[in-house]
Amino acid sequence: MCYSTRPVVPNPSIDLAFAMTAARSPFLVAAEARGFVHQCTDRDALDARLLEGPAVAYIGFDCTADSLHVGSLVQIMLLRLWQRTGNKPIVLMGGGTTKIGDPSGKDETRKLLTVDEIERNKTGIRRIFDRFLAFGEGATDATMPDNADWLDGLQYIPFLREYGRHFSVNRMLTFDSVKLRLEREQPLSFLEFNYMVLQSYDFLELARRHNCIMQMGGSDQWGNIVSGAELGRRIDNRTLFGLTTPLIGTASGAKMGKTAQGAVWLTDDRLSAYDYWQFWRNTEDEDVGRFLRLFTELPLDEIARLERLKDAEINHAKQVLATEATALCHGRAAAEAAQETARRVFSEGATGSALPTVSVPRSELERGLPAIELFVRAGLASSNGEARRLIRGGGARLNDAAITEETRSIGAADLNADGIIKLSAGRKRHALVKAS
RNA sequence: GGAGGGGUAGCCAAGUGGUCAACGGCAGCAGACUGUAAAUCUGCCCUCUACGGAGUUCGAAGGUUCGAAUCCUUCCCCCUCCA
């Protein structure tokens with residue numbers, strides 16, 4: 001499962017030689033052309049199977065938070081593509097496996113979540129998928145089962161006897177998720193060691209229950225996916241496929257999905273649509289084409305055209321990327337509002353309605369309050385000290401004029417014609433203050 | 001159970017009685033340059049501050065000392081090897 005959502009770095013050493021025969025099934029054609037495919041088990045057989053008719057595939061997500069961030073977006077877009085090309089996607093909630101914690105990509109054991117927390121997280125994650133997939137009972141409608149349904153009731157001894165014997169510890173020790181921990185001398189508990197066993201079992205269970213033929217996920221999940229496919233073959237003599245997406249990082253090698261405030265979340269209670277738009281707007285030049293293919297649904301020839309833009313021109317492509325990506329996640333209206341706000345803020349130096357706004361009681365404003373405090377309240381600084389340093393460094397501005405004095409007080413006199421005060425931290429982060 | 005090694009700020013990591021709020025690197029923030037990009041350079045990067053300082057930090061709790069991240073005691077946790 002791609003339960004792990006850590007930021008990742010591209011690995012140029014793995015070059016996919018998919019040059020052999022062109023895929024024919026709509027899903028594989030699109031997935032390969034758009035850069036979703038990193039590795040695939042028996043790709044030609046999969047292609048043939050997809051040509052026969054709709055198929056079922058799944059990706060698993062851990063419920064470790066009540067939202068997901070861009071680290072999971074490739075997987076989400078892949079499921080969406082799967083559905084759009086006439087197949088049935090399963091979003092497997094790891095309600096059961098979350099009680100274990102995926103060791104992949106982590107040095108430390110994840111803290112165990114309570115059952116209540118897991119339930120809350122599931123609801124939050126469902127909200128995201130509702131935007132990207134069509135759920136229902138139809139042949140290609142998405143469903144969202146929870147592996148707690150079958151994992152919770154497992155009996156230890158019967159499970160070991162029936163399934164445990166198909167797993168070789170020797171082999172498990174060679175998997176990256178395990179190997180890394182061991183090499184770095186980081187603890188790996190038996191509990192976590194079992195994660196891949198359960199994930200493999202999930203695959204088998206979904207194959208039996210929903211005739212699921214493929215599991216997809218991030219490339220760090222390859223080992224887990226393959227071992228699930230193998231389990232299906234050994235026990236049920238089923239042909240199961242696996243497909244992984246490449247690790248998505250920025251061209252300059254940085255991990256993706258971090259901004260000033262932390263992770264780039266997909267829900268607007270954690271990250272506003274405007275900030276989400278900004279995240280995409282600030283994509284590196286070299287990433288524009290790749291991101292357009294992965295994170296928007298524009299036709300490939302149009303992307304090719306946008307990608308060819310050079311120098312300042314490429315900013316147009318970045319705007320398209322930002323608006324399209326935001327539209328998928330937050331709706332077209334919010335995306336366009338974000339774009340309009342950005343245009344006004346950056347091109348005209350004006351304000352825009354999508355900027356974060358704080359209101360301050362009029363009486364307090366009449367009295368005047370320290371600029372430092374206002375920056376903290378507006379969320380532009382996390383402590384007084386940080387606000388102070390911002391001013392010292394020359395990065396704090398009040399209505400577009402640099403604040404030079406740390407002791408500067410802000411009051412009603414600073415309200416502009418519209419009754420608003422605009423605060424800025426650096427060139428990009430802005431907030432509005434209104435009297436209430 | 002035995003022997004050895006280790007737990008330092010978001011991460012990695014130096015420090016092993018005072019000059020330590022703690023070298024260095026990464027990540028992050030701001031400034032310059034630009035194109036709201038990257039790269040580069042500069043500053044910041046525990047909290048508070050009337051900028052003179054003050055307060056809390058180095059797994060936890062005690063203790064020694066004028067003074068401890070550094071020494072002692074107990075406890076917790078991790079790693080390696082042995083049984």
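Just so it is clear: chains get the letters A, B, ... in the order the sequence lines come, proteins before strands, and each one is counted from 1.
- Atom pair A:I372:CD1 and B:U49:P shows a separation of 7 Å (rounding to whole Å applied).
- Sorted by first and then second residue, the pairs that involve residues 397-408 of chain A and meet side-chain hydrogen bond (donor to acceptor under 3.5 Å, both in side chains), not counting sequence neighbours, are A:R392-A:E406, A:D400-A:K422, A:R408-A:D414.
- A salt bridge between A:K318 and A:D285 is present, with a side-chain N of the basic residue lying under 4.0 Å from a carboxylate O of the acidic one.
- Regarding the sugar-base torsion, B:G53 falls in the anti class, its angle being beyond 90° of 0.
- Of the side-chain N and O atoms in A:S383, one or more sit less than 4.0 angstrom from OP1 or OP2 of B:U47.
- At a threshold of 4.0 angstrom between heavy atoms, the contacts of A:N384 are confined to the sugar-phosphate backbone, with no base atom among them.
- Regarding A:R281, its CZ atom lies at a distance of 13 Å from the C1' atom of B:A38, rounded to whole Å.
- Here A:E286 lies out of heavy-atom contact (under 4.0 Å) with every strand.
- At a cut-off of 3.5 angstrom, counting only N and O atoms as typed in the model, there is a donor on one side and an acceptor on the other between the side-chain of A:R392 and the base of B:C51.
- Relative to the six-membered ring of A:F346, A:R281 misses at least one condition, a distance below 6.0 Å or an angle of at most 45° to the axis.
- Within 4.0 Å (heavy atoms only), A:E386 reaches no atom of the nucleic acid at all.
- Note: A:F27 and A:W82 have perpendicular aromatic rings, judged against thresholds of 30 and 60 degrees for the angle between ring planes.
- Nucleotides B:C79 and B:U74, compared at atom P, are 23 Å apart to the nearest Å.
- Between A:E119 and A:K122 there is a salt bridge, with a side-chain nitrogen of the basic residue lying less than 4.0 Å from a carboxylate oxygen of the acidic one.
- Proximity of residues 335-344 of chain A to RNA chain B (heavy atom under 4.0 angstrom from any strand atom) is restricted to A:A342.
- Taking the C1' atoms as reference points, B:G59 lies 27 Å from B:C48, given to the whole Å.
- Aromatic ring orientation, A:Y276 versus A:W280: perpendicular (interplanar angle above 60°, classes split at 30° and 60°).
- Taking atom CZ on A:F346 and atom P on B:U36, their separation rounds to 8 Å, with Å as the unit.
- Ion pairing between A:R127 and A:D130 fails under the 4.0 Å rule for side-chain N and carboxylate O.
- We find that CD of A:Q278 is positioned 14 Å from C1' of B:G35, with the value rounded to whole Å.
- Each of A:A312 and A:G385 was assigned the nucleotide of RNA chain B with the nearest heavy atom; the assignment lying further toward the 5' end belongs to A:A312.
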